[in-house]
Each structure stands twice: as structure tokens, then as C-alpha cells.
Amino acid sequence: MILCCGESLIDMLPRTSTGGEPAFAPVAGGAVFNTAIALGRLGAPAGYFGGISTDLFGSLLADALTASKVDHSACPRSDRPTTLAFVTLLDGHARYAFYDENTAGRMLSEADLPALDGNTEALFFGGISLVSEPCADTYAALCAKAGDRVVMLDPNIRPGFIKDEARYRTRLAAMLARADIVKISDEDMAWLGTTPEALIEGGSALVLETRGAEGVLAVSAQGSLEVPATRATVVDTVGAGDTFNAGLLAGLSRDGLLRRDVLRSTPLETLRPAVALGAQAAAVTVSRAGANPPWLSELEPQA
């Protein structure tokens with residue numbers, strides 16, 4: 001199982017009621033949650049770990065995971081509220097107002113950590129769950145306990161969310177040092193002051209630099225290769241990176257490559273189909289509104 005560890009929340013999206021009044025519609029979301037949903041839909045053995053409330057929004061999140069065939073049995077449930085993100089649009093740009101104090105997700109502690117068994121082949125971390133304390137320290141502790149399992153990290157850095165930059169940088173540096181796979185953007189690299197080559201020198205086996213319509217650059221100790229983006233008519237880019245992460249992990253699992261030693265010894269070209277699956281799945285997501293990853297049956301077979 002590939003266990004996705006991080007935030008889930010409810011996006012409150014702006015709508016207009018039938019009476020013409022402004023309203024908000026609740027939609028299940030969160031970067032790590034989206035990756036778990038995409039993994040399940042792509043047929044990979046998917047699991048999700050994060051704090052989920054017993055309130056009505058928590059039930060919405062749990063039901064969405066179940067519907068996409070994601071195992072969430074490891075999630076601690078509590079009567080704390082669900083994190084809400086109210087979205088407003090200003091000149092076409094989204095602005096977020098987060099309600100996250102004392103929520104089920106944020107207050108996750110080390111006492112809530114699951115026991116990792118032999119069925120867990122990889123752990124995925126990322127998103128704003130690596131910023132908010134105390135859950136950020138909890139996920140860092142789980143990362144440190146990964147053992148011989150593959151760890152993938154997508155920092156997806158949002159500077160506006162960072163309250164204590166020094167603590168965040170220290171936490172992220174430790175997790176990057178443990179990560180076997182890193183997905184990173186040029187904005188992430190600029191903030192961190194790093195490059196794919198530097199991350200490889202630091203111990204990562206595979207670094208994926210996502211470049212939007214220009215595709216993906218995959219870098220390992222053996223060199224680099226480029227995988228073009230799959231053509232798509234873009235509706236919005238919400239959840240595109242999350243879906244790419246899922247496609248990559250699903251492809252590696254499918255091809256028997258999701259092992260630390262294998263990732264380091266396999267020719268880079270052998271990893272191309274997994275990277276291409278990530279790009280193909282992401283293209284479907286951007287072609288429709290919101291974070292709505294494809295099911296495996298929606299993807300065209302690759303030559």
C-alpha cells in the first residue's frame with residue numbers, strides 16, 4: 001500500500017444560490033488527500049493517514065476516500081472540527097481564508113501515528129500539513145520512522161502559510177534528506193535555494209521537476225530525461241500536481257520499481273512509463289474543473 005500522509009480539508013467554493021444569493025459549496029480537498037484519491041482511482045493500493053473529524057464535513061471526507069477505493073482505516077477520528085478553506089475570487093484569482101485552529105487534522109500528534117506493517121511499501125508527504133504545528137512535527141516523525149520504505153515528498157511550498165520560517169526550513173531539510181523521490185517546481189527550488197542535482201547529491205534517488213506545459217524533467221544519479229506534457233485543453237490547474245504524484249507512484253508500483261534499492265539501480269529510461277503516467281493523469285485533471293482525478297479506465301493506453 002502507498003500511504004499518503006497529510007492534510008484533508010473542505011474547500012468552500014463560491015456559488016450563487018437558486019435565489020440569486022451568494023453561497024458556498026463544500027468540496028473535499030487538500031493536496032495530500034487529492035493524491036490519495038487519484039491513487040485509488042488509478043488502481044494503485046492506496047491508503048490515507050490524517051486526522052479526520054467525526055463532524056459532517058469529516059464524514060464527507062471519509063465517504064470520498066471510500067468512493068475512490070482508498071483505505072482510511074488508520075485515520076484517527078475526533079470530535080474536533082474539520083479544516084475549512086473559504087475561497088473567494090478577485091479578478092479571477094483565488095484567495096483563501098483558512099479556519100484551522102484546533103482542528104482534527106492540525107492537532108494530530110505522535111500518539112496517533114499508525115504502526116507501519118509489511119503491506120506499506122511507500123509513504124507520501126507534502127503540502128501545507130508540513131507547515132502547521134503540531135501535525136507538521138507528527139508527519140516529520142512518521143517520515144523518520146519509514147525504515148526501508150520508499151518516501152516521496154512534494155514540498156509544494158506556500159510562503160504565505162509559513163509562520164515560523166526557521167522551524168519549517170529545518171523540518172523540511174530533514175524530510176528532504178530522507179526522501180527517495182522529490183517532486184519540485186521552480187518556485188520551490190527558488191525558495192529552498194536548491195536544484196535537482198543538489199537534491200540527488202543529498203541522497204534522493206529521483207527528482208521530478210514539473211514545468212507545466214513544458215513537461216517534466218526527471219533527474220537521477222545517472223543523468224536526466226524529459227517527458228513531454230500530455231496535450232489538454234486547460235480548464236483549471238487545481239490538483240494537477242497532486243494527480244501527477246499519484247500517477248508516478250501508481251506507475252512505479254505497477255512496474256515493480258517502488259523499492260529504494262531498485263530506484264537507485266534501475267536505468268532512468270526504465271522509469272519513463274511511470275513519469276508519463278503521471279503526466280497523462282494530470283492532463284485529464286486540468287481538462288476539467290476542480291481536483292477531479294481520472295479513473296484508470298479514462299486513460300488511453302500508452303504505446
Please check if Y139 and M107 belong to a single hydrophobic cluster, counting links between Ile, Leu, Val, Met, Phe, Trp and Tyr side chain heavy atoms closer than 4.5 Å. no
Under 4.5 Å between side-chain heavy atoms, counting indirect links through other Ile/Leu/Val/Met/Phe/Trp/Tyr residues: same cluster for L39 and M152 or not? yes
Taking the six-membered ring of W191, is NZ or CZ of R169 closer than 6.0 Å to its centre and within 45° of its axis? yes
Value for OG (S297) from CZ (R41), rounded to nearest 0.5 Å, stands at 10.5 Å
What do the steps show when you test D180 against R149 for salt bridge (charged side-chain N to carboxylate O under 4.0 Å, His left out), and what is the final call? CA-CA 9 Å; D180 303 290; R149 299 169 182 84; over 6 Å; no
For F244 and V275, which heavy atoms make the closest approach, and how far apart are they? CE1-O, 3.7 Å
Determine whether a donor-acceptor pair (N or O, by modelled atom type, separation under 3.5 Å) exists between the side chain of T54 and the backbone of S78. yes
Answer with yes or no whether the hydrophobic clustering places I200 together with L263; edges join I, L, V, M, F, W, Y residues whose side-chain heavy atoms lie under 4.5 Å apart. no
Do Q222 and S220 pair up side chain to side chain, a donor and an acceptor below 3.5 Å, judged on atom types alone? no
Less than 4.5 Å apart, side chain to side chain, heavy atoms only: is that true for L208 and N245? no
Assess whether a salt bridge exists between R171 and D137, defined as any Lys/Arg side-chain N lying under 4.0 Å from an Asp/Glu carboxylate O. yes
Do you know which of D154, L248, L153 makes side chain to side chain contact (heavy atoms under 4.5 Å, CB included) with I181? L248
Are any non-hydrogen side-chain atoms of F33 and H72 less than 4.5 angstrom apart? no
Minimum side-chain heavy-atom gap T243-V286 below 4.5 Å: no
Measuring from R80:CZ to N102:CG, what's the distance to the nearest 0.5 Å? 5.5 Å
Assess, by modelled atom type and distance only, whether the side chains of D63 and T66 contain a donor and an acceptor separated by less than 3.5 Å. no
Evaluate E226 against R211 for side-chain contact (heavy atoms from CB on, under 4.5 Å), listing each step before the verdict. CA-CA 10 Å; E226 295 187 28; R211 301 179 295 179; 3.4 Å; yes
P294 and T285, any side-chain heavy atoms less than 4.5 Å apart: yes
Check whether any side-chain heavy atom of D242 sits under 4.5 Å from a side-chain heavy atom of I37, and report yes or no. no
Which heavy atom of V87 sits nearest to which heavy atom of P14, and what is that distance? O-CD, 3.1 Å
Are L258 and L123 in one and the same hydrophobic cluster, where Ile, Leu, Val, Met, Phe, Trp and Tyr link if side-chain heavy atoms are under 4.5 Å apart? no
Minimal heavy-atom distance between S8 and L61, with the atoms involved, is OG-CD1, 3.7 Å
Less than 4.5 Å apart, any side-chain heavy atom of E7 and any of T83? no
Can V262 be reached from V182 by stepping across I, L, V, M, F, W or Y side chains whose heavy atoms are under 4.5 Å apart? no
